[in-house]
Engineer: 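Here it is, the structure, as structure tokens.
This structure is a prediction, so every number in the text was calculated from the model and none was measured.
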Amino acid sequence: MGCHRHADRAALARKFGATDVIAERGEAGIAAVRDLLGGELADAALECVGTDVAMHQALGSVRGGGRVGFVGVPAGGSQVPIGTLFSRNITIGGGMAPARRYIPELLEHVLTGTVNPGMVFTETFALDDISAAYEAMSERTAIKSLVMP
């Protein structure tokens, strides 16, 4: 649906099982969700970006009584409109992934190759090249950078 802002990410989403990808953002994105669902809105949405625009789209994409989860790191002090949650009876929840809890258990397996960390890592960098790893993600030449010691 629409042109893809990040074709590589849309392709990866389809590999993971996405049947529809909406590239539009904001009000156009909300309208695209409604069109996709035959005039209805979604039961639930997941906000993974951390911006006000992404939260607005997630909240606007769910029906009254729907649910929004968030895992995007808030960028620029995203504000949740409590009045919208109240008037539309939307439930919201989310937070930081407990990654540090799993690092001791999983890191060795990733480094030895016994666990594949996933297809989201599209580039690998040496620890000394950490700046280039972040630059690749910022410039969207990598979905996620895997940094090896």
Engineer: Could you tell me whether the side chain of E47 and the main chain of V49 form a donor-acceptor pair under 3.5 Å?
Structural biologist: yes
Engineer: Would you compute the distance between atom CZ of F70 and atom CE of M96 and round it to the nearest 0.5 angstrom?
Structural biologist: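 Between atom CZ of F70 and atom CE of M96 there are 10.5 Å.
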Engineer: Any donor-acceptor pair under 3.5 Å linking the side chain of S145 with the backbone of Y134?
Structural biologist: no
Engineer: When you measure from the side chain of T141 to the backbone N and O of A136, does any donor-acceptor pair fall under 3.5 Å?
Structural biologist: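 Indeed, once roles are kept as given, a pair shorter than 3.5 Å links the two residues.
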Engineer: Any side-chain to backbone donor/acceptor pair from R34 onto G39? Under 3.5 Å, distance only.
Structural biologist: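 Judged by distance alone, yes, a pair lies under 3.5 Å.
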Engineer: M137 and M148: same hydrophobic cluster, using ILVMFWY side-chain contacts below 4.5 Å?
Structural biologist: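 Different clusters.
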Engineer: Determine the minimum heavy-atom distance between A142 and T122, stating which atoms define it.
Structural biologist: CA-OG1, 3.3 Å
Engineer: Following the transitive rule for hydrophobic clusters with a side-chain heavy-atom cut-off under 4.5 Å over Ile, Leu, Val, Met, Phe, Trp and Tyr, establish whether L146 and L12 coincide in one cluster.
Structural biologist: yes
Engineer: Say whether V120 and I103 are linked into one hydrophobic cluster, either directly or through other cluster members, by side-chain heavy-atom distances under 4.5 angstrom.
Structural biologist: yes
Engineer: Minimum heavy-atom separation for L41 and V62, please, with both atom names.
Structural biologist: CD1-O, 3.5 Å
Engineer: When you measure from the side chain of R100 to the backbone of P98, do you find a donor-acceptor pair of N or O atoms at a distance under 3.5 Å?
Structural biologist: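 No; judged by distance alone, with no hydrogens or angles, the pair does not exist.
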Engineer: If the condition is side-chain hydrogen bond (donor to acceptor under 3.5 Å, both in side chains), which residues does E135 pass it with, not counting sequence neighbours?
Structural biologist: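 side-chain hydrogen bond (donor to acceptor under 3.5 Å, both in side chains) list for E135, sorted by chain: empty.
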Engineer: Taking the side chain as every heavy atom from C-beta outward, state whether L85 and I82 have any atom pair closer than 4.5 Å.
Structural biologist: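 Sidechains of I82 and L85: in contact.
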Engineer: Any chance you could measure D35, atom CG, to E24, atom CD, to the nearest 0.5 Å?
Structural biologist: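 Output value for this atom pair is 9.0 Å.
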Engineer: Does CZ in F86 sit with more than 12 non-hydrogen atoms of other residues, nucleotides or ligands closer than 6.0 Å?
Structural biologist: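 At most 12 heavy atoms, drawn from other residues, nucleotides or ligands, come within 6.0 Å of this atom.
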Engineer: Compare every heavy atom of A133 with every heavy atom of V147, then report the nearest pair and how far apart it is.
Structural biologist: CG2-CB, 3.9 Å
Engineer: To the nearest 0.5 angstrom, please state how far the CD1 atom of I22 sits from the CD atom of Q57.
Structural biologist: 7.5 Å
Engineer: Out of curiosity, T51 OG1 to R25 CZ, how far, rounded to the nearest 0.5 Å?
Structural biologist: 9.5 Å
Engineer: Could you give the distance from CG (L59) to CD1 (I30), rounded to the nearest 0.5 Å?
Structural biologist: 8.5 Å
Engineer: Answer yes if V110 and L127 sit in the same cluster of Ile, Leu, Val, Met, Phe, Trp and Tyr residues linked by side chain heavy atoms under 4.5 Å apart, and no otherwise.
Structural biologist: no
Engineer: Compare every heavy atom of C48 with every heavy atom of V71, then report the nearest pair and how far apart it is.
Structural biologist: CG2-SG, 3.8 Å
Engineer: List the steps and the verdict of salt bridge (charged side-chain N to carboxylate O under 4.0 Å, His left out) for R67 and D43.
Structural biologist: CA-CA 7 Å; R67 297 168 309 281; D43 292 333; 5.6 Å; no
Engineer: Could you tell me the separation between the CG atom of L111 and the CG atom of L106, rounded to the nearest 0.5 Å?
Structural biologist: 11.0 Å
Engineer: Quick one, R9 and R140 - any side-chain contact, counting heavy atoms below 4.5 Å?
Structural biologist: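 The answer is yes; the side chains approach within 4.5 Å.
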